[in-house]
Amino acid sequence: MKQVKLVLEDGTEIQGESFGAFTSAAGEVVFSTAMTGYPENLTDPSFAGQILVLTYPMVGNYGVPGEELYESISKIFESDKIHIAGLVVNYYSEEHSHWNAAKSLGDWLKEYNIPGIFGVDTRMLTKILREKGAMLGKIVAEEDVELHDPNQDNLVAQVSPTEVQHYGTGQHKIVLVDCGTKTNIIRCFLQRDVELIRVPWDYDFTTLDYDGLFLSNGPGDPKMCEPTIQHLQTALGQDKPIFGICLGSQLMGLAAGGDTFKLKYGHRSHNQPVLLTGTKRSYITSQNHGFAVDTDTLPAEWEMLFENLNDGTCEGIRHKTKPFFSTQFHPEAAGGPEDTEYLFDDFLKAVAEYKAAK
């Protein structure tokens with residue numbers, strides 16, 4: 001095995017061994033406490049520009065499945081490529097065993113020229129990131145690279161499609177503003193008999209005829225999405241139902257007149273507990289984000305819908321009188337618990353009620 005090292009912006013250097021592509025890469029070093037689901041995580045566009053540390057001690061033991069299609073989209077992965085800048089693990093299993101495995105994790109990383117480093121004390125590394133916060137870093141192979149802050153880039157523009165795409169022929173016409181959507185969001189809608197119009201992040205969807213508006217997840221700072229926010233402000237002046245997930249929740253908060261802030265180290269896992277406001281009902285959720293809505297800045301007609309039970313931050317907002325709501329977590333999961341997938345049904349119920357009232 002070839003030697004590589006992980007270097008953090010605070011000067012920390014950690015030696016390890018290379019797997020995947022033997023190349024250097026820079027990004028923001030973040031950690032995820034999910035125990036499984038690395039094929040889904042690595043293809044989640046919300047990880048764009050990030051060097052991902054997996055806290056689960058053994059990674060790669062079930063390999064990577066082969067591609068399958070469902071309604072022209074991936075049946076397994078969350079996009080059409082790997083989005084992370086690099087991968088950091090404790091123990092990399094060179095041998096994999098699973099009934100649908102088509103390749104190893106290392107070979108998959110090589111296909112996309114993504115470096116991996118193993119033999120790292122990820123528990124120690126995660127403690128550093130928890131205490132100091134997510135920080136810039138780089139995986140250094142033969143040639144050194146400069147540190148780079150991906151949050152200074154418009155990452156959404158990098159991962160969003162450039163053309164409008166259509167799916168399904170269902171009874172409700174939903175516009176999906178793709179800021180880096182996970183494929184399982186599309187699957188969840190198609191399984192519920194809708195006609196889905198998938199548009200780029202900066203597309204003026206207000207010119208379209210639709211029954212409901214959906215705002216997807218995505219990477220980076222939501223304030224980079226100024227065109228999306230402007231179009232959304234127009235939509236908030238109407239009564240058509242709107243549902244936002246993750247970055248979509250932050251965009252809704254900004255369009256409503258609120259503010260967002262960067263979390264110290266974000267929420268990235270499949271085990272985040274959230275509380276439904278005004279109840280004693282909690283859910284275990286899948287999450288992947290580094291920013292959140294500051295609920296203290298929201299106008300009076302808006303309120304928090306879900307609260308994170310670990311740190312008290314906002315996990316979703318809603319309008320008090322109009323059918324607008326959002327979640328910071330991922331109801332579609334993939335990977336993760338599916339406890340909150342019912343929110344897609346709530347959204348489509350609101351769409352049906354809106355159409356009936358017209």
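Keep in mind the model is a prediction, meaning the values are calculated, not measured.
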Test ring pair (Phe, Tyr, Trp, His ring centres under 6.0 Å) applied to Phe205 - qualifying residues, sequence neighbours left out: His231
Contacts of His267 that satisfy ring pair (Phe, Tyr, Trp, His ring centres under 6.0 Å) - sequence neighbours left out: His289
Of all pairs that satisfy side-chain hydrogen bond (donor to acceptor under 3.5 Å, both in side chains), the ones with a partner from residues 290-307, not counting sequence neighbours: Glu303-Arg318
Donor-acceptor under 3.5 Å (His270 side chain, Gly335 main chain): yes
Side-chain donor/acceptor of Ser93 to backbone N/O of His96, under 3.5 Å: no
Pairs satisfying side-chain hydrogen bond (donor to acceptor under 3.5 Å, both in side chains), at least one member in residues 59-69, at least two apart: Glu67-Ser74
Donor-acceptor contact present, side-chain Gln328 to main-chain Ser249, <3.5 Å: no
Residue pairs passing the ring-ring contact (aromatic ring centres under 6.0 Å, His included) test where at least one lies in residues 125-157, sequence neighbours excluded: none
Qualifying residues under ring pair (Phe, Tyr, Trp, His ring centres under 6.0 Å), relative to Phe243, sequence neighbours excluded: Phe214, Phe325, Phe344, Phe347
Pair listing, side-chain hydrogen bond (donor to acceptor under 3.5 Å, both in side chains) test, anchored in residues 188-198, at least two apart: Gln165-Arg198, Tyr167-Arg198, Asp178-Arg198, Arg192-Glu341, Arg192-Asp345
For Tyr91, the rest of its hydrophobic cluster, which grows through side-chain links under 4.5 angstrom: Met58
Name every donor-acceptor pair, under 3.5 Å, that has one atom in a side chain of residues 125-133 and the other anywhere in the protein, sequence neighbours excluded.
unit_1, atom_1, unit_2, atom_2, d
Thr126, OG1, Thr122, O, 2.7
Arg130, NH2, Tyr265, OH, 3.4
Lys132, NZ, Asp10, OD2, 2.7

Tyr92 side chain vs Glu17 backbone, donor-acceptor pair below 3.5 Å: no
Members besides Val7 in its Ile/Leu/Val/Met/Phe/Trp/Tyr cluster (side-chain heavy atoms under 4.5 Å): Val140
Test salt bridge (charged side-chain N to carboxylate O under 4.0 Å, His left out) applied to Asp211 and Lys173, Lys240, Lys355, the passing residue: Lys355
Contacts of type side chain to side chain contact (heavy atoms under 4.5 Å, CB included), residue Val145, not counting sequence neighbours: Ser24, Ala26, Lys138
Pairs where residues 23-43 contributes a residue and the test salt bridge (charged side-chain N to carboxylate O under 4.0 Å, His left out) is met, not counting sequence neighbours: Glu28-Lys262
Short side-chain to backbone donor-acceptor contact, His330 and Glu332, under 3.5 Å: no
